[in-house]
There are 2 protein chains.
Amino acid sequence: MPKDAADLHVERWRDHWVLEDDFDDGIEAMTFRLHQLVRHLRATTKAALAEVGLQDFEYDTLHRLMIRETPGRASPGELAQETGVSNAGMTGRLDSLEKKGWLKRVPGTEDRRRVDVEITRAGMRIWNRAMNLRGRAEDEVGSVLSARELATLNRLLRKMTLYVEDEETR
Amino acid sequence: MPKDAADLHVERWRDHWVLEDDFDDGIEAMTFRLHQLVRHLRATTKAALAEVGLQDFEYDTLHRLMIRETPGRASPGELAQETGVSNAGMTGRLDSLEKKGWLKRVPGTEDRRRVDVEITRAGMRIWNRAMNLRGRAEDEVGSVLSARELATLNRLLRKMTLYVEDEETR
DNA sequence: GACGAATAGTTCGCTAGCGAACTACTTTCG
DNA sequence: CGAAAGTAGTTCGCTAGCGAACTATTCGTC
């Protein structure tokens, strides 16, 4: 079986270190691979988005806005939470996207503290184009797995994400 | 079977959108979960590292320096490549770590363009403390899987990382 | 041996994002 | 009903990192 960078990493690890707390090689390798895959996905997504003139934080924001239960509409706080960006960071993102005409801020009607964020037609168009490109970039990595393997992978990942989601609601 | 955020995401996706290019739900869910898990791992690692007074970019740099084939010694260019940070970014990281006394820069002997980066005793001590804490944070997530499941997960992840590594050496 | 190309690392101007503090508004409690 | 507490979003000063341009050095070719 060919070795990837995580295998080499774990092997070197064993060669060089006597560790206070024993590390689970399997978990160490898993963590290494997860980071590596996400790093790759980010890079390929970034390159794909550049083709339509979007940066990844722009796409991320428009995408999160569009895939909500109320598509194309959210509050800044909701978007901040769903993207994992701080409220201040989301304010900056919205400033930038509003300036480019891809979304607009509307004062909340019932609660004057609130702002409603709405995507514009221009925003929907560019999001749509970007999404198709990004999907293809991701398909390349996923396509090395058979349908059955992909289902197994998702079942195992879900086991961890359910735990993570539970942890995050406490 | 309980549903995680990726399942809900894919379901809503189907409800709302007729898409130009068909998206593979399995790949979409996988991508969503990978990002979610890495985001969680980053957050838990960050919290753990704060206990010894390290920021994640500091730990990342010291860790990459220590797990090399030449532990504790590398060039800035090598570290930049292995961490995925630009040369300019790595220069800034090294500036900061050198200032704190955790590593030092030594002029290369054979090639005067080069700088050798070496970890200090203080750097090794703080890295060691941080690594134990980080390992425990990661173990929590991985421990929801059985040993057999972890092996299966790693086998499927490796299939993708081998593809990714191949792509990146072209 | 000289010159151009390539490489290693740094500097510079800029950006996306953060934490803390702020303003404006809503809710809760006495 | 008014004051205190809490919430929504923004501002501000700062940081980690980037791309481009730079300096210093090495290598390759003629």
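Order of the sequence lines fixes the chain letters, A, B, ..., with proteins taken first and strands second; residue numbering starts at 1 for each chain.
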| message | Across nucleotides 10-21 of chain C, 5' to 3', mark each nucleotide with B, S or - according to how protein heavy atoms within less than 4.0 Å reach it. | response | BB----SSSBB-
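- Residues that satisfy the salt bridge (charged side-chain N to carboxylate O under 4.0 Å, His left out) test with A:Lys100, not counting sequence neighbours, are A:Glu58.
- Counted by atom type alone, B:Arg68 and B:Thr70 present one or more donor-acceptor pairs between their side chains at under 3.5 Å.
- For B:Phe32, the ring-ring contact (aromatic ring centres under 6.0 Å, His included) partners are B:His9, not counting sequence neighbours.
- Across residues 31-42 of chain B, not one residue has a non-hydrogen atom less than 4.0 Å from an atom of DNA chain D.
- For the residue pair A:Arg64 and A:Thr83, no side-chain donor N or O sits within less than 3.5 Å of a side-chain acceptor on the partner.
- Summarising the geometry, the separation between CG on B:Asp111 and C1' on C:dA6 is reported as 12 Å, rounded to the nearest angstrom.
- A salt bridge links B:Asp116 with B:Arg114; the closest basic N to acidic carboxylate O contact falls under 4.0 Å.
- Here B:Lys159 pairs with A:Glu149 in a salt bridge; the nearest charged N to carboxylate O distance falls below 4.0 Å.
- Judged as a side chain to side chain contact (heavy atoms under 4.5 Å, CB included), and not counting sequence neighbours, the contacts of A:Tyr59 are A:Leu49, A:Leu54, A:His63, A:Trp127, A:Ala130, A:Met131, A:Arg134.
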Could you list the protein-to-nucleotides 4-6 of chain D atom pairs, N/O on both sides, closer than 3.5 Å?
unit_1, atom_1, unit_2, atom_2, d
D:dG6, N2, A:Arg113, NH1, 2.9

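- Between A:Asp60 and A:Arg42 there is no salt bridge, since none of the side-chain N atoms of the basic residue sits less than 4.0 Å from a carboxylate O of the acidic one.
- Under 4.0 Å is where a charged nitrogen must lie from a carboxylate oxygen, and between A:Arg105 and A:Glu118 no such pair does.
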| request: Could you walk me through whether B:Asp24 and B:Met30 pass the side chain to side chain contact (heavy atoms under 4.5 Å, CB included) test, one step at a time? | output: CA-CA 10 Å; B:Asp24 188 308; B:Met30 176 193 78; over 6 Å; no
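- Taking atom CG of residue B:Leu79 and atom C1' of nucleotide C:dA8, one finds them 13 Å apart after rounding to whole Å.
- B:Gln81 places its CD atom 13 Å from the P atom of C:dT7, with the value rounded to the nearest Å.
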